[in-house]
Amino acid sequence: MRIALMIIRLFLKTPYYFFKIWWCSISKKISYEQAFQCIKAVTKKANHAGRVTIETYGLENIPKEDGFIFFPNHQGLFDVLVFLDSCPRPFSFVIKKEASNIILLKQIVRALGAYAMDRDDIRQSMKVISAVTEDVKQGKNFLIFAEGTRSRQGNQLLEFKGGSFKSATKAKCPIVPCALIDSFKPFDEKSIRPVTVKLIYMPPIYYEEYKDMKTVEIAEEVKGRIERTIAEYI
């Protein structure tokens with residue numbers, strides 16, 4: 001219902017916005033940074049049209065140098081839009097293969113050099129982990145959902161998968177825990193009432209802090225920090 005509201009309220013501009021994102025996905029003249037800023041601008045317009053307000057906290061916790069990975073809880077289909085709206089720094093993301101062929105999202109994936117992971121194909125998943133690792137080493141930022149799927153439990157978290165942190169440990173990069181609150185409401189509830197979504201960027205965990213930890217231990221630590229932050233902000 002909210003997606004329909006976004007389209008209706010932006011009806012005259014929707015074809016233009018779609019063309020801009022499509023062009024970003026195919027043009028070799030448009031840089032990754034330019035594509036990100038274009039998609040960010042369209043996202044802000046769409047969120048406003050959908051009567052969604054994003055409250056952002058902790059922007060000062062984002063590392064000054066690029067080459068880090070955001071690890072938030074995964075509440076719903078709206079999650080990536082929260083980051084695109086709020087994050088001042090370009091980033092790409094990893095999504096499940098099933099979502100990579102959705103119209104518009106498909107173009108965004110191509111424009112930002114995102115990766116689609118087939119969770120049933122171990123070899124393909126390892127290739128994605130290796131590709132993300134190399135990109136992060138080169139200074140690209142990523143967003144990875146460690147739960148692997150939407151929790152469908154509101155602000156409650158599922159277990160974080162240790163394997164989701166392999167790219168971070170291989171790249172020896174900062175891990176930035178992020179807490180999403182009420183991000184399931186815009187797209188997963190059958191309502192168009194105004195809604196506020198909160199995103200808290202938490203202090204990063206640097207390699208020196210987690211280098212001696214197993215990935216499952218890192219997963220537990222990140223999950224615990226996010227749970228405590230959600231409890232604090234709720």
Side-chain angles (χ1 to χ4, degrees), residues 1-22 36 38-59 70-88 91 93-109 111-112 114 116 143-160 177-202 223 226-234:
M1 292 178 65
R2 198 173 302 272
I3 293 174
L5 176 65
M6 291 175 173
I7 294 173
I8 291 171
R9 296 189 69 183
L10 296 174
F11 182 74
L12 295 178
K13 294 183 179 180
T14 296
Y16 170 68
Y17 290 149
F18 181 83
F19 174 79
K20 285 185 68 175
I21 294 176
W22 172 79
F36 177 83
C38 172
I39 294 168
K40 180 181 181 69
V42 173
T43 299
K44 282 183 171 292
K45 296 283 188 182
N47 289 347
H48 178 72
R51 307 173 77 189
V52 182
T53 299
I54 309 297
E55 289 187 1
T56 307
Y57 305 88
L59 286 172
F70 294 123
F71 283 96
N73 51 316
H74 194 9
Q75 294 194 332
L77 298 173
F78 190 73
D79 294 351
V80 175
L81 297 186
V82 182
F83 280 88
L84 287 172
D85 186 304
S86 71
C87 187
F91 67 88
F93 52 89
V94 177
I95 61 171
K96 60 183 180 180
K97 182 181 178 181
E98 295 88 335
S100 64
N101 290 319
I102 298 175
I103 190 169
L104 191 57
L105 183 55
K106 181 179 182 179
Q107 284 72 33
I108 292 175
V109 166
L112 297 183
L143 168 67
I144 296 177
F145 295 108
E147 287 164 287
T149 188
R150 290 174 287 161
S151 68
R152 299 182 185 276
Q153 297 180 34
N155 291 311
Q156 300 297 315
L157 278 62
L158 299 177
E159 291 301 314
F160 276 32
C178 302
L180 285 164
I181 298 175
D182 293 341
S183 186
F184 62 94
K185 291 182 177 180
F187 286 171
D188 292 1
E189 289 188 347
K190 296 180 179 179
S191 170
I192 58 173
R193 62 183 174 81
V195 63
T196 297
V197 175
K198 294 180 181 180
L199 171 57
I200 303 96
Y201 295 94
M202 299 160 60
K223 180 190 176 189
I226 293 174
E227 287 179 325
R228 290 191 291 271
T229 297
I230 289 175
E232 176 185 347
Y233 276 81
I234 287 180

Undergrad: Apply side chain to side chain contact (heavy atoms under 4.5 Å, CB included) to I181 and V197, showing your working.
TA: CA-CA 6 Å; I181 298 175; V197 175; over 6 Å; no
Undergrad: side-chain contact (heavy atoms from CB on, under 4.5 Å) with R152: which residues, sequence neighbours excluded?
TA: R150
Undergrad: Anything under 30° is parallel, anything over 60° is perpendicular, the rest tilted; go ahead and classify F91 against F83.
TA: perpendicular
Undergrad: Does C87 offer a backbone N or O that forms a donor-acceptor pair with the side chain of K40 under 3.5 Å?
TA: yes
Undergrad: Give a yes or no on whether the ring-centroid distance for Y201 and Y57 is below 6.0 angstrom.
TA: no
Undergrad: Give me the atom names and distance for the closest heavy-atom approach of H74 to T149.
TA: CD2-C, 3.5 Å
Undergrad: Can you confirm whether D182 sits close enough to K185 that some side-chain heavy atom of one is under 4.5 Å from a side-chain heavy atom of the other?
TA: yes
Undergrad: Before we go on, tell me: are the rings of F184 and F78 under 6.0 Å apart, centre to centre?
TA: no
Undergrad: Only one of D188, L77, V82 forms a side-chain contact (heavy atoms from CB on, under 4.5 Å) with S183, so which one is it?
TA: V82
Undergrad: If you compare all heavy atoms of S151 against all heavy atoms of Q75, which two are closest, and at what distance to 0.1 Å?
TA: OG-CA, 4.3 Å
Undergrad: Give, for atom CD1 of I39 and atom CD1 of I21, the distance between the pair rounded to the nearest 0.5 Å.
TA: 5.5 Å
Undergrad: Evaluate side chain to side chain contact (heavy atoms under 4.5 Å, CB included) for L81 paired with N47, printing each intermediate quantity in order.
TA: CA-CA 8 Å; L81 297 186; N47 289 347; 4.1 Å; yes
Undergrad: Taking atom types as modelled, find out whether T43 and D85 have a side-chain donor-acceptor pair closer than 3.5 angstrom.
TA: no
Undergrad: Which atom pair, heavy atoms only, marks the closest approach of T56 to S86?
TA: OG1-CB, 3.2 Å
Undergrad: Out of curiosity, I95 CD1 to I144 CD1, how far, rounded to the nearest 0.5 Å?
TA: 12.5 Å
Undergrad: May I ask you to test the V94-L143 pair for a side-chain heavy-atom distance under 4.5 Å?
TA: no
Undergrad: Using ring pair (Phe, Tyr, Trp, His ring centres under 6.0 Å) as the criterion, list what pairs up with F19, not counting sequence neighbours.
TA: W22
Undergrad: Taking Q153's backbone N and O only, do any of them form a donor-acceptor pair with Q156's side chain (distance below 3.5 Å, no angle check)?
TA: no
Undergrad: Can you give me the closest heavy-atom contact between H48 and R9, atom names plus distance?
TA: O-NH1, 4.0 Å
Undergrad: Heavy-atom count check: over 12 atoms from other residues, nucleotides or ligands less than 6.0 Å from K96 NZ?
TA: yes
Undergrad: Measure the CZ-CG distance between F187 and D79 for me, rounded to the nearest 0.5 Å.
TA: 10.0 Å
Undergrad: Look up atom CD1 in I108 and atom CZ in F36, then write down how far apart they are to the nearest 0.5 Å.
TA: 11.0 Å
Undergrad: Using side chain to side chain contact (heavy atoms under 4.5 Å, CB included), reason through V195 and R2 one step at a time and then give a plain yes or no.
TA: CA-CA 11 Å; V195 63; R2 198 173 302 272; 3.9 Å; yes
Undergrad: Is there a side chain to side chain contact (heavy atoms under 4.5 Å, CB included) between L5 and R51? Walk through the geometry before answering.
TA: CA-CA 9 Å; L5 176 65; R51 307 173 77 189; 3.7 Å; yes
Undergrad: Is there side-chain contact between C178 and F71, with heavy atoms separated by less than 4.5 Å?
TA: no
Undergrad: To the nearest 0.5 angstrom, please state how far the CE atom of M202 sits from the OG1 atom of T229.
TA: 3.0 Å
Undergrad: Identify, with sequence neighbours excluded, every residue that meets side-chain contact (heavy atoms from CB on, under 4.5 Å) alongside L157.
TA: N73, E147, F160, K223, I226, E227, I230
Undergrad: Counting only heavy atoms from other residues, nucleotides and ligands, does the tally under 6.0 Å from CD of E159 exceed 12?
TA: no
Undergrad: For residues P88 and L59, determine if any side-chain heavy atom of one lies less than 4.5 Å from a side-chain heavy atom of the other.
TA: yes
Undergrad: How far does CG of L84 sit from CG of L112, to the nearest 0.5 angstrom?
TA: 7.0 Å
Undergrad: On a heavy-atom basis, which atom in C38 and which in K20 lie closest, and how many Å separate them?
TA: SG-CE, 3.6 Å
